[in-house]
Structure formats: structure tokens, C-alpha cells
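Scope of the values below: all heavy atoms of this structure, side chains included, with no hydrogens, waters or symmetry mates. Below, chains carry the letters A, B, ... as their sequence lines are ordered, and counting in each starts from 1.
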Number of protein chains: 2
Amino acid sequence: MSQAFRLKQSIEDAVIAGEFLPGDRLDEASLAERFGVSRTPIREALLQLGAEGFIDVRPRRGAIVSVPSPTRLFEMFETMAEIESACGRLAARRLTPDNDAAMETAHRACEIAAREGDSEQYYADNRNFHEAIYRASRNSFLADQAFALHKRLSAYRRIQLRARNRLLQSLQEHAGILEAIRAGDEQLAATRLHDHVLVQGERFSDMVLGLAGDRRSDASSRSGTAK
Amino acid sequence: MSQAFRLKQSIEDAVIAGEFLPGDRLDEASLAERFGVSRTPIREALLQLGAEGFIDVRPRRGAIVSVPSPTRLFEMFETMAEIESACGRLAARRLTPDNDAAMETAHRACEIAAREGDSEQYYADNRNFHEAIYRASRNSFLADQAFALHKRLSAYRRIQLRARNRLLQSLQEHAGILEAIRAGDEQLAATRLHDHVLVQGERFSDMVLGLAGDRRSDASSRSGTAK
DNA sequence: CATATATGAATTGTATGCAAGATTAGAAAT
DNA sequence: ATTTCTAATCTTGCATACAATTCATATATG
């Protein structure tokens, strides 16, 4: 297969793995050298990642890993919450035995990781659990959107799963979500998923806010970022 | 500014305008000649459009305008319905006088177009109305997502606004949506927007289904939309 | 007649070179 | 010491050339 697509994946992985941090410059020449190719496929990969919103490509000024403002970051988490709750609503409406089993398996894995306090493992299993819900929506387009946004936020999500408390609380929330989906209660499933996701966004935003001095401006007040 | 970005816009516009129909091949050489540039910036534009899901870029096999299956198309409309209803929910929660006024203006324009039966004009004004709601969510990231999906579906939406009945019915639904948002009734606003969008999806899917003989089974069938 | 195969044409993928805009460093001036 | 202007350097944007793969056509074969 063409190199550009492989490179796109590699660069994306490197960003997700935290090798390139938000704000880091993605210089074409060094990437080309690193991967042993010319600048052309590197450029193509970078432009694709830029179109997906993963990185920031400014004409004539090179590409950098996106640095969302705290406001923007909160908006991204809020959007994630809305999309996930949509998945949950549909999953509750359409649950099949297959999807049910997949969620159960993922949930069990989370349970083990949480009990052992292995946050790195929990991070991976948590991802599987959420993906199982996306698929359970039985809307592959919606699932794709959810999956893409989940990836974009992974860098920010990982950080705050470190606390042991949060692991157990997260697990508890998962159980509640599963219960609602199985009961076919669309409204409850949506609400629980919404809160589950948004809590992470709020925790993280608060954390960033402390450092950055930008206001979160969600519901209240007229946020400054008109667009 | 760089040509690749201008070209991306131009090609996207051409697709939206219906100059290239779903399934049409987007050949690099002819596009290069048409725009008077080399293949390089054309490729870059195509790859970006591909990453956004606007077109289909298959490695080594060229780019074509996406041809979603009826199932996929229904899924896209369903996703649009979920995203729009999220916008409506947030708008109801956070409505400001500015956003209210913008929606009112757009609604008035729709009213005039509908009364005159000018479906082309209504198409444009309808777009403005929906965009006003996206902005009223006061979540610019969510609004961006909504806007992007709206564009992707525009080719399919335009077709069925031709019927005069649908114009007036659509307008009526807009009024109901506005009312719910102004009343601050999140649930009602969400439901009304959801149904407003999904009705279009179902109408169109049915239309396509007649031609294509693909089955929609999993996602939908017996209406519902529950809630 | 249908299917398989081979050969040539067309198209995409990558490398390289050069031009043009951006960035940085240094010198001159206040 | 700070600022401003200029020049050198670095980086990106585009065009061209060539390599690699797919596609189309025709020929051979059962």
C-alpha cells in the first residue's frame, strides 16, 4: 500500500503516544529522514491529519500538534459527551446479544484492571468498552465519528485516569451504563453516558484552567470565542 | 495563500454544486489541467477531502465522489439528527439575545422563500437557519462538526426540497423548533430537531431504496424515533 | 462462446529541484 | 539596553521526472 497512508498512521500513533506533545513542530524534513522517505509522502500524511483536525497545518508555516485552548477542549469533551450519549441511546434501543456480549467482555476486563489498580491497562480496556458501545449503536457512521473524536481526545483523557479513585468510580459508572442499556432505557443510558464523559472533561478542563488562566465559559456567561 | 487549500475549496464547491456526481472519477491530470496547476497541489487537495470523508480516495485507484449505500446514507442522516438535536438542546439551555435574533432573521427569510415556493432560495435560507442553531449551541466545536456533516449531506438534501408541500411543512417544523428553544425546553427542542432532520433522511432513503434494492434493515425500519 | 492470459496504455506514488515566503541573527541607530 | 532594519538561512509550496501499479484491449486457449 502507499506509504502516505502508513505514514499518516505512524505519525498519528506517535502523537497519541505522546511522543510529540501539543505545540510541537512537525517538520517535514526531519520526519522524512526519520522514516526514510522523501518529503512528498510526509506532506501528504500531514495534510490528511490536518484535515481530520488531529494536527494544525498553517499554510507556509508548517504543522504543529494542535493546542486546543481550555475552552476549545471543554467544547470537545462536551461534544464527545453528546455523541456518546447518542450511541448509548441507540444501543439501548437496538441491543443485540452479540453487542451485549462484547460490552460484557470489555466490562469484565475493566473490572480486573481496576481491581489491580493498573491504570495503563484500564486505559486500554476502557477504550474497548467505549468502542463496544459505539458499535452497539448499530450505526457505523456514528460509531466512526465517535471513534475519531475519542482518538483525538485520548492524549487528554489518559492523564487523569492516574488517580486510583477515579478508576473505581469510572468502573461503577460503566456498570450503571450497561444496566441502563440492557434495560432498554434510552433516556437513562444517554444521561449516564453523558455524565460519565463530561465528568472527565470537567476534571481535565479544571486542571488545565489552573495552569492556563483561561475561563471555561460553558453554560454560563457569554463565552468570548465567537466564531 | 497556498494553492492546495484554494483547490480543496474549489473542488468541494464543484462537488456540492453537483458538477461531479457521486461515483464520478476525480482524475488528477484533468483537474490539474482545468485549474492550470500541476498534479501536486491537486493531490494534496484530494487527500484532504478524502480525510474529511467528502470523497473516496482509494490508494492506487484514484479518487471518486463518495457513493454511500442507502444504509450508510440513512446512518449519516441519523447521525445528523443526533448532532442537530444536541445543538438544539444546548441552544435551549444557553440562548442569548444575539443568537435568538439570528435565528429569527433566518426563519423570516425561510418564510418568504416558502411562501413564494422558491425552493432554490429556501434551500439557501434553510441552511442559514440550521447554521444559526448550530451557533446558538455556543459550542463552536460541535457547531463545526454539524456544519461539516451538513455540507456532506447537502447533495442529498437538496433533491427532496423540490416538493412544495415539503417546503411549507419544513417551515412549520422550524417554527416549532424555535418555539421550543425559546421556551428553554431542552427535551422538546431536541426531539423536534431530531424528527425534523430524520424525516428528510427517511424520505430520501426510501427514494434511494426504490432504485437500489439495498436493505436498510439493521438501522431503522419501523419508524419509531421513539423518545 | 466463454474464460484466461499477456501486453501496452493510462494513472497513481514518490523523489528531486527550484522558487517564494517565513524565521532568525546581526548590525546600526536611538 | 532596546528597537529596527537588513540580510542570510531555513522551510514550505509547486513543478517536473521517473518508477510502480492498475486498467483496458486484444490474443490465445479450452
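- With no hydrogens or angles considered, no side-chain donor-acceptor pair links D125(A) and H107(A) at under 3.5 Å.
- The closest side-chain heavy-atom distance from L49(A) to I11(A) is below 4.5 Å.
- Among residues two or more places apart in sequence or in another chain, the side chain to side chain contact (heavy atoms under 4.5 Å, CB included) test is passed with A143(B) by Y134(B).
- Rounded to whole Å, atom C1' of dT11(D) lies 9 Å from atom CZ of R60(A).
- Judged by distance alone, the side chains of S10(A) and D13(A) never bring a donor and an acceptor atom under 3.5 Å apart.
- R58(B) has its CZ atom 14 Å from the P atom of dT11(C), to the nearest Å.
- Near DNA chain D, meaning a heavy atom under 4.0 Å from it, residues 39-51 of chain A has R39(A), R43(A) in order of number.
- Mapping A63(B) and G36(A) onto DNA chain C via the closest heavy atom, the residue that lands nearer the 5' end is A63(B).
- Looking at heavy atoms from C-beta onward, F5(A) lies in side-chain contact with Q48(A) at the 4.5 angstrom threshold.
- Between the side chains of T79(A) and Q145(B), no donor-acceptor pair is found at a separation under 3.5 Å.
- Other residues, nucleotides and ligands contribute over 12 non-hydrogen atoms within 6.0 Å of the CD atom of E104(B).
- A donor-acceptor pair shorter than 3.5 Å can be found between the side chains of S140(A) and R72(B).
- Residue-level contact check: R61(A) touches the backbone only, with heavy atoms under 4.0 Å from sugar-phosphate atoms and none from bases.
- Contacts between residues 24-35 of chain B and DNA chain D, defined by a heavy-atom separation below 4.0 Å, involve no residue at all.
- If you take CZ of R6(A) and P of dG13(C), they are 13 Å apart, rounded to a whole angstrom.
- Between the CD1 atom of I55(A) and the P atom of dT12(D) there is a distance of 11 Å, given to the nearest Å.
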